[in-house]
Amino acid sequence: MEESGSLFKPILDLLEKGKQENLLKPLNTRLLLTYSCAPIVQLAKEYHKGNFQFNDENITEIIRMSWDSIKE
């Protein structure tokens, strides 16, 4: 994430705003980003290995789990 810091700035700003509006857990912003996005990266790796399929049901569940992990 350090190498591509400017790519993440809009997301970090959005997470900060969500914390200010009490929509997100009051945790370190980079922790929120990592915790909500890292599982998606891992699933992408599994997809490329042929171990996971991105279908509508799985995508819906991934979004729900990521949101549930950071929402207040």
Side-chain angles (χ1 to χ4, degrees):
M1 199 161 53
E2 295 302 320
E3 300 86 38
S4 57
S6 64
L7 291 174
F8 287 99
K9 182 159 179 13
I11 299 170
L12 293 170
D13 291 345
L14 182 64
L15 292 171
E16 280 294 329
K17 183 177 179 183
K19 287 187 337 184
Q20 291 169 359
E21 294 176 4
N22 296 317
L23 298 172
L24 301 177
K25 293 177 180 174
L27 301 172
N28 178 285
T29 305
R30 287 193 176 264
L31 179 62
L32 291 173
L33 176 65
T34 301
Y35 200 79
S36 59
C37 294
I40 296 167
V41 172
Q42 185 60 38
L43 287 172
K45 290 177 184 178
E46 292 298 316
Y47 169 80
H48 285 290
K49 292 180 193 174
N51 297 329
F52 183 79
Q53 291 297 315
F54 282 100
N55 56 40
D56 288 344
E57 182 180 346
N58 286 341
I59 291 170
T60 299
E61 287 301 312
I62 292 164
I63 293 168
R64 184 187 59 76
M65 289 187 300
S66 291
W67 175 243
D68 286 350
S69 71
I70 64 171
K71 75 176 179 179
E72 184 58 79

Distance-only check: which donor-acceptor pairs under 3.5 Å involve side-chain atoms of residues 52-62, not counting sequence neighbours?
from  : atom 1 : to    : atom 2 : distance (Å)
Asn55 : OD1    : Glu57 : N      : 3.2
Asn55 : OD1    : Asn58 : N      : 2.7
Asn58 : ND2    : Gln53 : O      : 2.7
Thr60 : OG1    : Asp56 : O      : 2.9
Glu61 : OE1    : Arg64 : NE     : 3.1
Glu61 : OE1    : Arg64 : NH2    : 2.6

Are Leu14 and Leu32 connected in a single hydrophobic cluster, I mean Ile/Leu/Val/Met/Phe/Trp/Tyr linked by side-chain heavy atoms less than 4.5 Å apart? no
Separation between CG of Leu31 and CG of Leu15, rounded to the nearest 0.5 Å: 10.5 Å
Which pair of heavy atoms, one from Pro10 and one from Leu7, lies closest together, and at what distance? CD-O, 3.6 Å
How many angstroms lie between CG in Leu33 and CG in Leu27, if you round to the nearest 0.5 Å? 12.5 Å
Tyr35: which residues meet the ring pair (Phe, Tyr, Trp, His ring centres under 6.0 Å) condition with it, sequence neighbours left out? none
Is Ile70 close to Lys25 at the side-chain level, that is, under 4.5 Å between some pair of heavy atoms? no
Could you report the tightest heavy-atom contact between Thr29 and Lys19, atom names first, then the distance? OG1-NZ, 2.8 Å
Quick one: do Asp13 and Lys17 make a salt bridge, cutoff under 4.0 Å? no
Heavy-atom pair of closest approach, residues Trp67 and Leu24: CZ3-CD2, 3.6 Å
Under 4.5 Å between side-chain heavy atoms, counting indirect links through other Ile/Leu/Val/Met/Phe/Trp/Tyr residues: same cluster for Ile40 and Tyr47 or not? yes
Test your reading of the model: is there a side-chain donor-acceptor pair from Ser69 to the backbone of Ser66, 3.5 Å cut-off? yes
